[in-house]
Amino acid sequence: MINFRYHLVSLTAVFLALTVGLILGTAALNGPAIEVLEANTQSLRDSNAQYRAEIESLEAQLEDDQSFATEIAPTYLTGQLTDQNILVVALPGVETEVVDGVQQMLDYAGAGSAGTISILDDYFDPTNTDQLADLVERVTPDTVEAPVTYDGVEAMSYVLAAVTTGTVDGKAVEIEDGDITTAITGLEELSMITVADQPSGAATGVIVLGGQAFTDSDAEDRNAGVVSLATAYAGDAPTVYGATSAVGDDNPVNTFRAEDSQVVISTVDNVASPQGQIAAVVSLGDLISDGTEHDLGTGEGAEGLLPAAA
């Protein structure tokens, strides 16, 4: 009959055998295993060090490129937008430094200012579309016929583009200072816009500056709203849409670059950099002078950093 002592002896023998096996196995493999592990670890360290060096080198090259772009900008852009009055429209997510950089490039190009406005996040919030639709009815000038649509962003963008450029579908319309003030004030009261430089209502070109594409739960509607706004401006005056990135299927940059896009608009996808800011000004100049569209930057669909030399 198997008793407790039998079980105890058996278990002791099993644990003893395991212990002896571990000791023997460790002794047999300790040297080669540790050597292989140390060799692999050192290889990974060497690879990481090489990658860090390559990254640092690329960052240095990029910094040099941007410094060079900044240095040549005054000479390169001189006279490209002489006698042109440019409206700058900043969208949510655009840093102040980007807006300032573009305005500096416009100064180098000899452009005059037709105003600077910032569209705020609430403008593109789908829950506010009814508010915008109601506002359209109150602020549309008699000389402008607002589109018939349930899309408040589309309708308000059409009116805003008209009063800040002084044109509708490329044709000049009579816009008074009061018309601009009424539209701007209505949007300010809804916390949907801020004004850095009052629009003149006589823009001969427009640069719309966007950040990265929206990625929240309402991203599709918000990105579509950005497309509606830029499209409204493009219908009234030569317009460049400059963004800080082309990442994302719903990114307005990619929407405008799609083969089936019917919008006449130039795009820049690296406008946060001096190179991108130069590209935005140059591409606007080409649109104004002969209607040539460009897709510039580093993202998919870009033809290059700058237009090819003629």
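The figures here come from the full heavy-atom set of this structure, side chains too, leaving out hydrogens, waters and symmetry mates.
Asp249 CG: 12 or fewer foreign heavy atoms inside a 6.0 Å radius. Within a 6.0 Å sphere centred on CG of Asp83, other residues, nucleotides and ligands contribute 12 heavy atoms or fewer. Annotation: Glu188, atom CD; neighbour count of heavy atoms from other residues, nucleotides and ligands within 6.0 Å is above 12. Atom CD of Glu174 has 12 or fewer neighbouring heavy atoms from other residues, nucleotides or ligands inside a 6.0 Å radius. Within 6.0 Å of atom CG in Asp177, 12 or fewer heavy atoms from other residues, nucleotides or ligands are found, so the atom counts as exposed in its surroundings.
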Checklist line | Intermediate values then yes/no, side chain to side chain contact (heavy atoms under 4.5 Å, CB included), Ile119 and Phe124 | finding: CA-CA 9 Å; Ile119 308 298; Phe124 299 107; 3.7 Å; yes
Next item on the list: Check the pair Lys171 / Val173 against side chain to side chain contact (heavy atoms under 4.5 Å, CB included), numbers first and verdict last.
Entry: CA-CA 6 Å; Lys171 298 180 180 179; Val173 294; 5.6 Å; no
Margin query: Please determine whether side chain to side chain contact (heavy atoms under 4.5 Å, CB included) holds for the pair Met156 and Leu187, giving the CA-CA distance in whole Å, both sets of side-chain angles, and the decisive distance to 0.1 Å.
Written below: CA-CA 9 Å; Met156 189 66 235; Leu187 288 169; 4.1 Å; yes
Notebook entry, point to check: Hey, mind stepping through Tyr150 and Thr129 against side chain to side chain contact (heavy atoms under 4.5 Å, CB included) and telling me if it holds?
Noted result: CA-CA 8 Å; Tyr150 291 107; Thr129 187; over 6 Å; no
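Scanning all heavy atoms of the two residues, the minimum distance from Asp260 to Gln262 falls at O-NE2, 3.3 Å. The shortest non-hydrogen separation linking Ala73 to Met105 is CB-SD, 3.6 Å. Summarising the geometry of Ala183 relative to Val163, their closest heavy-atom pair is CB-CG2, 4.1 Å, with the distance given to 0.1 Å. The minimum heavy-atom distance linking Val271 with Thr244 is given by the pair CG1-N, 4.0 Å. For the residue pair Ala90 and Val99, the shortest heavy atom distance occurs at CB-CG2, 3.9 Å. In plain terms, the two heavy atoms of Val263 and Ala234 that are nearest each other are CG1-CB, 3.9 Å.
In this structure, Ile184 CD1 and Gln198 CD are separated by 6.0 Å, a value rounded to the nearest 0.5 Å. Atoms CD1 and CD, on Ile278 and Gln80 in that order, are 10.0 Å from each other to the nearest 0.5 Å. To the nearest 0.5 angstrom, Ile288 atom CD1 is 4.0 Å from Ile86 atom CD1. Gln84 contributes atom CD, which lies 13.5 Å from atom OG of Ser113 (distance to the nearest 0.5 angstrom). Atom CD of Glu97 and atom CD of Gln104 lie 14.0 Å apart (nearest 0.5 Å). If you take CG on Asp151 and OH on Tyr158, they are separated by 14.5 Å, rounding to the nearest 0.5 Å.
Judged by distance alone, with hydrogens and angles left aside, the side-chain atoms of Ser228 form a donor-acceptor pair with the main-chain N or O of Ala224 at under 3.5 Å. Between the Asn128 side chain and the Asp122 main chain, a donor and an acceptor come within less than 3.5 Å of each other. Looking at Asn254, its side chain does come within 3.5 Å of a backbone N or O of Ala246 through a donor-acceptor pair. Side-chain atoms of Ser283 come within 3.5 Å of backbone N or O of Ala280 as a donor-acceptor pair.
Thr267 and Asp295 share a donor-acceptor pair across their side chains, judged by distance under 3.5 Å alone. Residues Ser157 and Tyr123 have side chains that bring a donor and an acceptor to within less than 3.5 angstrom of each other.
At least one side-chain heavy atom of Asp269 sits under 4.5 Å from a side-chain heavy atom of Thr298. For the pair Pro238/Leu284, a side-chain contact is recorded, criterion being any heavy-atom separation below 4.5 Å from C-beta on. Considering only heavy atoms from C-beta on, Asp125 comes within 4.5 Å of Arg222 through its side chain. Side-chain atoms of Asn270 and Leu305, non-hydrogen and from C-beta on, do get closer than 4.5 Å to each other. Residues Asn223 and Asn251 fail the side-chain proximity criterion, which asks for heavy atoms closer than 4.5 Å. Pro307 has its side chain within reach of Leu296: a pair of non-hydrogen atoms, C-beta onward, lies under 4.5 Å apart. Residues Ile175 and Val144 meet the side-chain proximity criterion, which asks for heavy atoms closer than 4.5 Å. Looking at heavy atoms from C-beta onward, Gln212 lies out of side-chain contact with Val247 at the 4.5 angstrom threshold.
The hydrophobic cluster containing Leu77 does not contain Leu87, counting ILVMFWY residues as joined when their side-chain heavy atoms lie under 4.5 angstrom apart, directly or transitively. The hydrophobic clustering, which links ILVMFWY residues whose side-chain heavy atoms are closer than 4.5 Å, places Val153 and Ile193 together. Residue Val240 is not grouped with residue Ile117 when hydrophobic side chains (ILVMFWY) are merged at heavy-atom distances under 4.5 angstrom, including chains of intermediate members. Both Tyr241 and Val206 sit in one connected hydrophobic cluster of ILVMFWY residues. Membership requires side-chain heavy atoms under 4.5 Å apart, directly or through other members. Linking ILVMFWY residues whenever their side-chain heavy atoms come closer than 4.5 Å, directly or via other members, leaves Val282 and Val253 in distinct clusters.
Each of Thr164, Asp169, Thr165 was checked for a side chain to side chain donor-acceptor pair (under 3.5 Å) with Thr167, and the lone residue meeting it is Thr165.
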